[in-house]
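Structure, as structure tokens:
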Amino acid sequence: MAYGRVGRPVRAFRFGAMPPREGEAETREQQRWRCRYWNMLVELEQERRRRVDAILDAATSGVAEEERRVARKRAAADPAVAAQLAAVEAWFREERKVAMACAVEGQLQPVSV
């Protein structure tokens, strides 16, 4: 008895999806393509990070480990380094577009590095 009132019977509802009657194979294939596409995007992001790290590490070589974070920020502001980073970002955007087009066509391939 909550708040001095008389309790009433409780209804319990169950919700859920029924197993598919048709289209299960297509659904599973679509899920596989989704996973392949996601993995391709992860590979692209990892490659982008590797390239950015290589550029910033080259620009900050000889800097002590404690000062590396600040030095990397300063190096990114340098016009020559900024141009290299912009080229990496342009490459990344283009590869993402290619990945999306391939995903739509159903022809995903491993990342070309």
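Quick caveat, the model's predicted, so the values are computed rather than measured.
Between R28 and E24, some side-chain heavy-atom pair lies under the 4.5 Å cut-off. By the 4.5 Å heavy-atom criterion applied to side chains, R72 and R69 are not counted as neighbours. Side-chain atoms of V70 and V63, non-hydrogen and from C-beta on, never get closer than 4.5 Å to each other. Side-chain atoms of R96 and M100, non-hydrogen and from C-beta on, never get closer than 4.5 Å to each other.
For the atom pair C35 SG and Q30 CD, the distance stands at 10.5 Å (nearest 0.5 Å). Atom-to-atom distance recorded for R32:CZ and T27:OG1 is 10.5 Å, nearest 0.5 angstrom. Rounding to the nearest 0.5 Å gives a distance of 8.0 Å between CZ of R74 and CD of E67. Going from atom CZ of R51 over to atom CZ of R49 covers 15.0 Å, rounded to the nearest 0.5 Å.
Take R34 and apply the side chain to side chain donor-acceptor pair (under 3.5 Å) test, not counting sequence neighbours, and it matches no residue.
A pairwise comparison of heavy atoms in A75 and T60 identifies CB-CG2, 3.8 Å as the closest pair. The minimum heavy-atom distance linking V81 with A59 is given by the pair CG2-CB, 3.8 Å. A82 and A76 make their closest contact through CB-O, 3.6 Å (heavy atoms, listed as atom of the first residue, atom of the second, distance).
Screening residues 75-89 for side-chain hydrogen bond (donor to acceptor under 3.5 Å, both in side chains) gives R48-E89 as the qualifying pairs, with residues at least two apart or on separate chains.
Both F92 and Y37 belong to a single network of hydrophobic side chains, linked directly or stepwise wherever heavy atoms of I, L, V, M, F, W or Y lie under 4.5 Å apart.
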